Colleague: 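Before we start, here is the structure in question, set down as structure tokens.
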Number of protein chains: 2
Amino acid sequence: MARPSAAATRPRLNRHRVLTAAAALADRIGIEALSMRRLAQELDVVPMALYKHVANKEQLLDGMVELLVAEIDPPATGVDWRTAIRLRVLSARRVLLRHPWGRSVLESRTSRTPAVLGYIDSVIGTFRTGGFSDELTHHVMHALGSRMWGFTQELFDEPAGPDASGADGSGADEDASPEVQQAMLQALAEHFPNIAATVLTATHDDGTVVARGCDDQAEFEFALDLMLDGFERLRATGWSPRVGH
Amino acid sequence: MARPSAAATRPRLNRHRVLTAAAALADRIGIEALSMRRLAQELDVVPMALYKHVANKEQLLDGMVELLVAEIDPPATGVDWRTAIRLRVLSARRVLLRHPWGRSVLESRTSRTPAVLGYIDSVIGTFRTGGFSDELTHHVMHALGSRMWGFTQELFDEPAGPDASGADGSGADEDASPEVQQAMLQALAEHFPNIAATVLTATHDDGTVVARGCDDQAEFEFALDLMLDGFERLRATGWSPRVGH
DNA sequence: GCATCAGGTGTACGGCGTACACCCACCGGT
DNA sequence: ACCGGTGGGTGTACGCCGTACACCTGATGC
């Protein structure tokens, strides 16, 4: 009891400590489990204490986005627009892979915070100095959309979330026996033959059919490059509005 | 008091009535304001009554997605793959414009419901019968991503939501005086010159600068066509994996 | 005429975000 | 050496949320 209370030893809070704690906590328990109360408990503080540093939960999330954006590499210099954009986007993607909550927070936010605007501005800048007209840049940014953050709506993939691979340590989707899996695939093929066809590889030697591993990173780059190629074609041919097909 | 109580006259609930009421309510008050309690009140029923028809809120949302998917036009027949996809996606887009909650619900759901799978399956089917290899179809579907539902992350646009243009009737973003707007644009240009450049048109005769109206539909179709063109190029040149650029 | 049971009810619990009043340790000024 | 102010942490409380569980009730089949 000679020990000073936690409150006495605990360093003072400030906005930055709150935000980093929130980010770290979201990394651990998932964004949907992140509440003001849970965060306060993490910081050994009563919930209302947080409100001395962030106005409300919305602003907390905005602040977390700030941290996220700060982790994205600065734009590469001395390279053409295409590789500059490519590198930047892939850097953003790595950030979002480190912080799975980033994507949903980014999506949920209307996000006109300076940090976000700054990132957007610098991406636009890369296009403009790369020879895109303002008009074309505008369209191209819309086309890029959320891909500029390094993610896209992945339509097939897992519930994911940090808890999926969490406490029990298994996390794998394949806790069903091979036979059961096989049966499920069979059923899938019956009702949704086209999905089955594109999601499955050909039959193996042993006659079984297996799900093709789906390399998200490769898929992302495939789509990104497809867009970048399209952009370059428009730029090179001097695209201008009202001259579309 | 001779009037029978509301409970007596009210038609019996069933899953479908619950779902359509939920959809209509979400149209009116916005998805974030849709709660089980609010929906129950709308149906003149006690909250727990809903649970006799849907297992929980998650399943309610899944059911709402079902309704959504059902509103999308069936695939066009007798046209090439490109126009078939284009029409389908634009039909989906019209549905989501009618039901602004659709997008966020679709995004939030991991969505392996039969209705969703059915839609995806039929889109895949259009590609496959259009001459795409299974492998290429797979990639192309990933590239299409959420655009298959007719939306993309629009990075610049408004908070939106049905309440924005709600009770007070104004709803316009431009409730600030022209001078104030002008000042805000000036400030924007100062901090984010690239955003300003692509978002603003040239100066008017009178020297003022105005925000370019941003036609979301046009932007969407621009990006969609860019992707479809890319897809066609790959298909026509017999793209196969490991032979990328 | 009675049992069954689907569908509607009432109450309660544990969570959430946050308004508001408070208290206290520290500070600079006198 | 005192003292008023102030910034940061506290305690309590409110009104929402989703939903578990026990209950009631009125129609239906035998």
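Values in this document were obtained by computation on a predicted structure and should not be read as measured data. The chains referred to below are lettered A, B, ... by the order of the sequence lines, with proteins before strands, and numbering in each begins at 1.
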Colleague: Below 4.0 angstrom, which residues in residues 46-57 of chain A have at least one non-hydrogen atom near DNA chain D?
Modeller: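 Result for residues 46-57 of chain A: A/V46, A/M48, A/A49, A/K52, A/H53, sorted by number.
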Colleague: Tell me: CZ of B/R15 to C1' of C/dA6, nearest whole Å?
Modeller: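 Whole-Å distance recorded here is 17 Å.
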Colleague: Roughly how many Å is it from CD1 in B/I29 to C1' in D/dC17, rounded to a whole number?
Modeller: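 Checked: the CD1 to C1' distance equals 13 Å.
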Colleague: When you compare the side chains of A/T152 and B/R147, does any donor N or O come within less than 3.5 Å of an acceptor on the partner?
Modeller: no
Colleague: Over how many whole Å does the gap from A/Q59 atom CD to C/dT18 atom P extend?
Modeller: 10 Å
Colleague: Counting only N and O atoms by type, is there a donor-acceptor contact under 3.5 Å from the side chain of A/Y119 to the main-chain atoms of A/I72?
Modeller: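 Side chain of A/Y119 to backbone of A/I72: no pair is present.
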Colleague: Report the distance from atom NE2 of A/H16 to atom P of D/dG8, rounded to the nearest whole Å.
Modeller: 17 Å
Colleague: Does A/D121 reach the main-chain N or O of B/I195 with its side chain, forming a donor-acceptor pair under 3.5 Å?
Modeller: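 Answer holds: yes.
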Colleague: What is the separation between atom CZ on A/R17 and atom C1' on D/dG9, rounded to the nearest whole Å?
Modeller: 13 Å
Colleague: Is there a donor in the side chain of A/E221 and an acceptor in the side chain of A/Q217, or the other way round, less than 3.5 Å apart?
Modeller: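 Indeed, the side chains of A/E221 and A/Q217 share at least one donor-acceptor pair under 3.5 Å.
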Colleague: Tell me yes or no: between the side chains of A/S122 and A/R88, is some donor less than 3.5 Å from an acceptor?
Modeller: yes
Colleague: Output the residues of residues 34-42 of chain B in contact with DNA chain C, where contact means a heavy atom of the residue under 4.0 Å from an atom of the strand; sort by number or write none.
Modeller: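 Contacting residues: B/R37.
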Colleague: Is there a donor-acceptor pair under 3.5 Å between the side chain of A/R15 and the backbone N or O of A/V54?
Modeller: no
Colleague: Distance-only, no hydrogens or angles: does the A/N56 side chain make a donor-acceptor pair with backbone N or O of A/Q59 under 3.5 Å?
Modeller: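 Yes: the side chain of A/N56 pairs with the backbone of A/Q59.
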Colleague: Are A/R93 and A/F151 in a cation-pi contact, defined as NZ or CZ under 6.0 Å from the six-membered ring centre and within 45° of the axis?
Modeller: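 No, A/R93 does not sit over the ring of A/F151.
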